[in-house]
Amino acid sequence: MESKQHLYLVDGSAYIFRAYHRLPPLTNPLGVPVGAVYGYTTMLWRLADDLNKAEGPTHLAVILDASGKSFRNEIYPEYKANRPPPPEDLKPQFPLIRDATRAFSLPCIEEPGLEADDLIASYARAACERGWDVTIVSSDKDLMQLVGPHAGGRIEMLDTMKNQRIEEPEVEEKFGVPPTLVGDVLALMGDAVDNVPGIRGIGPKTATKLIQEHGSLEAALAAAPGMKPSKLRDNLIEHAEMARLSRVLVALKEDCALPVPLDDFKLGEIPPAPLTAFLEEHGFTSLLKRLDGGRGSPERKTQLNPAKPVTAGAAQAADGARQPLPDMSAVDRSAYACVQTLDDLDQWIARAFAARVVAFDTETSALDAMRAELVGISLATGPNQACYIPLAHGGTDMFAEKPQQIDRAAALARLKPLLESDAVLKIGQNAKYDLNVMARYGIAVAPLDDTMVMSFDLDAGRGEDGIGGGHGMDELAARHLGHTTLAFKDVCGTGKKAIPFGEVPLDRATEYAGEDADVTWRLHALLRPRLSSEGATRVYERVDRPLVPVVAQMERHGIKVDRERLASLSATFAAEIAKLEGEIHTLAGQEFTIGSPKQLGEILFDKLGYKGGKKGKTGQYSTDQSVLERLAGEGAEMATKVLEWRQLSKLRSTYTEALQAAINPDTGRVHTSYSLVGAQTGRLSSTEPNLQNIPIRTELGRQIRDAFVAEPGNVILAADYSQIELRLAAHMADVPALKEAFAEGQDIHARTALEMFGEVNRDTRGRAKTINFAILYGISRWGLAGRLGVSSDEAQAMIDRYFERFPGIRAYIHSTLESVRTNGYSETLFGRKCWFPRIGSSNPNERMGSERAAINAPIQGTSADIIKRAMVRMMPALEAAGLGHVRMLLQVHDELVFELPEGDVAAASDVIRNVMAGAAQPAVTLSIPLGVEIGTGPSWGAAH
DNA sequence: ATTGTCACG
DNA sequence: ACGTACGTGACAATT
């Protein structure tokens with residue numbers, strides 16, 4: 001007699017979501033994220049391992065959700081509408097689940113219009129009809145409805161992560177009712193993630209209680225009018241139809257036509273070749289070893305047919321994938337193709353799909369991503385396997401004959417599915433630029449890797465002493481590939497003779513553009529594996545990589561600037577500047593260029609005879625603010641006037657004039673460009689224009705902030721972290737008095753004053769504030785002495801007292817420096833490294849400078865990590881609250897600036913505060929709270 | 001291209 | 001003998 005058949009149904013889609021969140025962000029040798037795939041693979045392995053065991057499977061199939069809408073959407077259009085999009089580094093893993101299943105030679109079932117749950121239910125039922133037992137490999141609560149005996153078999157579930165079998169008692173423990181009533185409970189409680197409405201105000205507890213009392217959903221609804229008056233009773237009556245609709249949504253469709261007959265799920269031997277190829281492709285070396293090494297599993301195969309190592313070529317032949325280890329032959333620019341026909345383009349697109357990884361680069365008419373016209377696109381699928389697709393060559397002369405090229409709109413229509421495909425990883429160098437250009441042509445490039453950001457996360461601060469520390473492509477090519485790239489100016493010329501890229505002849509353009517994509521591909525192959533081996537994966541995957549599209553969108557939003565207001569300020573400033581200029585010249589007794597520090601120094605110190613020292617190197621007088629303030633204090637009227645002149649000139653040239661020029665004529669807004677690799681500590685920097693140094697400290701300057709305005713009906717909302725760096729210092733150095741002060745919401749500088757000087761007044765608080773900052777910046781007795789106007793001995797006494805009152809600080813400084821000297825780098829709480837190659841320099845100046853920077857970097861860098869995490873989570877959180885229209889515009893290190901309709905301020909403030917205050921979680925638990933201060937108003941100035 | 005200065009956190 | 005707070009970017013003058 002044949003023994004009992006046992007069918008295993010694996011809920012593949014649900015599994016990878018859980019695996020993704022539980023496993024570290026691994027990547028395969030090509031840089032495709034495969035953490036969840038690895039988890040899935042090990043799970044299949046374990047299942048296949050049970051093949052010969054008593055309770056093990058005789059039949060097995062993996063069931064997946066087909067993409068697109070299911071029949072439930074026809075019943076209820078909002079079904080699953082609340083689902084947040086999957087994370088960037090999960091998307092490319094979905095198609096790999098099918099590959100993994102195929103590698104085990106196991107059937108993989110999906111059916112358009114049906115969800116995995118329905119197929120699982122239908123197969124489980126059909127198997128029971130035949131008298132088989134069924135194990136559903138899942139922990140999905142919806143599937144728990146199925147558990148129990150059916151016809152001649154029985155159904156149970158297996159949660160492979162908790163290694164727990166789910167039978168009737170487990171279901172009843174969770175829902176308080178037997179499996180047959182689970183659907184009724186689910187209908188009452190609803191499901192926020194799947195957007196099953198349920199009944200307002202009813203959660204799991206109440207739902208269970210109602211079903212227990214009344215025996216069914218219908219009975220509970222029928223009994224409602226007789227219940228004692230309550231909100232619950234009213235809701236049951238009012239929303240009864242919602243509950244019935246929910247009941248239909250949570251019901252599983254158990255009579256689907258089976259796309260593949262049950263008998264086809266019979267488990268046979270698992271052929272080793274495809275499995276080996278798959279494991280090699282994704283670098284699952286520990287599994288490969290188990291396959292090769294004797295007691296390997298899945299066991300049968302290795303016994304019957306010991307696996308031979310499969311060569312890269314064989315792997316390629318097996319499934320069309322690219323070889324795992326790139327052959328890094330020399331860059332050969334003559335190997336690149338120029339794509340001028342749609343057929344050619346289609347072939348390249350197909351190659352990219354097959355390769356699953358493609359480097360790409362855009363060529364444009366300008367450096368400003370918000371104004372640049374797309375001129376061409378280059379792609380690379382491997383070393384020297386690159387092409388250039390010219391799209392707008394031939395320049396602006398309408399009558400000149402243009403080179404043969406594909407119509408831009410037609411080419412973009414073909415490229416869009418590739419560039420947006422979850423199954424193909426796109427690699428860029430400074431990808432934010434290309435992302436913004438493509439976004440303006442209606443293409444949302446994803447998923448995305450950025451070699452520049454990778455380089456930064458690996459090597460920030462490195463190479464300041466020789467090899468060059470930048471992260472630009474030319475530098476990276478020289479450093480990592482030993483290759484000198486064609487420079488832009490070699491192709492387009494320089495100065496007056498420069499031509500736009502669109503006028504470069506196609507052969508030359510192909511060499512340049514193809515090389516960019518080729519080199520980017522190669523850099524990716526080199527840098528990607530370093531992320532995991534050098535411990536940079538977490539910062540890259542969880543912080544900087546997801547930040548790229550977020551920052552790109554902020555740049556595209558831009559911020560509205562009131563041109564008239566700036567112009568009027570500018571005119572006021574100009575008049576005052578002219579007046580001061582006359583007065584200064586009179587005082588000097590001659591005309592001179594006030595803006596020239598050299599001339600000014602000579603006038604002040606030589607001609608007028610004020611006291612002042614020369615600067616060492618250039619032999620020039622210092623005339624900076626501190627010097628002029630000293631002179632002004634001594635009664636030098638000229639110094640006072642020069643200070644005023646300097647302030648107004650600065651405000652006018654850098655702000656009121658430059659900002660008007662920065663307004664984009666198409667959007668009417670100002671679009672900054674953020675650099676993710678600008679500051680070694682991990683901070684962002686802002687350029688063209690720099691919107692991170694808009695004045696605020698003086699009343700005159702603050703008026704400039706008033707010119708940053710919201711659109712009519714909207715307001716600007718500014719959210720600041722309060723004292724974040726001091727809070728982090730209190731946490732990282734573990735300083736009890738400071739932590740206590742923050743926990744109690746005290747004025748931290750006042751508390752410091754009390755500890756230091758025994759009393760709090762304006763003077764002591766100010767000095768305490770200076771000392772607090774001195775600590776953050778790496779203190780020296782001389783520096784503090786200069787700031788406080790005391791002797792260096794007195795400064796040293798204060799430092800000693802600070803260390804005494806705030807134990808922990810000294811130990812923090814000591815251990816940080818010790819660690820930097822040993823490892824060469826400092827680290828933030830989130831693992832971001834910053835290298836200090838000159839920490840051991842024999843030049844005391846260099847060495848001590850590095851030491852101060854090294855003390856500061858973990859604090860400044862942790863703060864940067866935290867606000868970056870907040871930025872990554874911000875829009876999904878706002879969207880979940882129905883506030884997807886709120887626009888995040890600017891980041892200023894510890895501040896985020898938003899624009900939103902006036903009526904949404906209250907709701908948005910809650911979300912923003914929560915996201916920012918909780919941004920360290922769950923990766924890091926801080927021992928101090930993160931304070932967030934929020935202000936709103938018609939302008940940025942008014943929002944503070 | 002470099003220097004000095006000053007705007008911000 | 002030196003010269004001292006950390007991290008940025010822009011502008012004007014000067015080389």
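A, B, ... follow the sequence lines: proteins, then strands. Residue 1 opens every chain.
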Does A/E688 reach a base, just sugar-phosphate, or nothing at all? Heavy atoms under 4.0 Å. sugar-phosphate
Which word best sums up how the rings of A/F708 and A/W940 line up, parallel for under 30°, tilted for 30 to 60°, or perpendicular for over 60°? perpendicular
Below the 4.0 Å mark, does C/dA13 have OP1 or OP2 next to a side-chain nitrogen or oxygen of A/T593? no
Which heavy-atom pair separates A/A460 from A/K833 by the least distance, and what is that distance? CB-O, 4.0 Å
Across the strands shown, which category fits A/S673 at heavy-atom distances under 4.0 angstrom: base, sugar-phosphate, nothing? nothing
Do A/R697 side-chain and B/dG9 base share a donor-acceptor contact under 3.5 Å? yes
Under 3.5 Å, is there any donor-acceptor pair linking the side chain of A/R787 to the base of C/dA5? yes
Using a cut-off of strictly less than 4.0 Å between a heavy atom of the residue and any atom of DNA chain B, enumerate the qualifying residues of residues 571-581 of chain A by number. none
Of the candidate nucleotides B/dA7, C/dT14, B/dG9, which contains the atom at the shortest distance from the side chain of A/Y655? B/dA7
Side-chain atoms of A/S622 come closest, of B/dT5, C/dT4, C/dG7, to B/dT5
Tell me, which stems hold DNA chain C, with a stem being 3 or more Watson-Crick or G-U pairs in a row and both distances under 3.5 Å? B:1-9 with C:6-14
What contact category does A/L776 fall into here, base, sugar-phosphate, or nothing, at under 4.0 angstrom with non-hydrogen atoms? nothing
Where the side chain of A/N693 is concerned, which of C/dA5, B/dA7, C/dA10 is the nearest nucleotide? B/dA7
Between C/dA10 and A/S653, is there an OP1 or OP2 to side-chain N/O distance shorter than 4.0 Å? no
Of all the nucleotides listed (C/dC6, C/dA13, B/dC6), which has the minimum atom distance to the side chain of A/R852? C/dC6
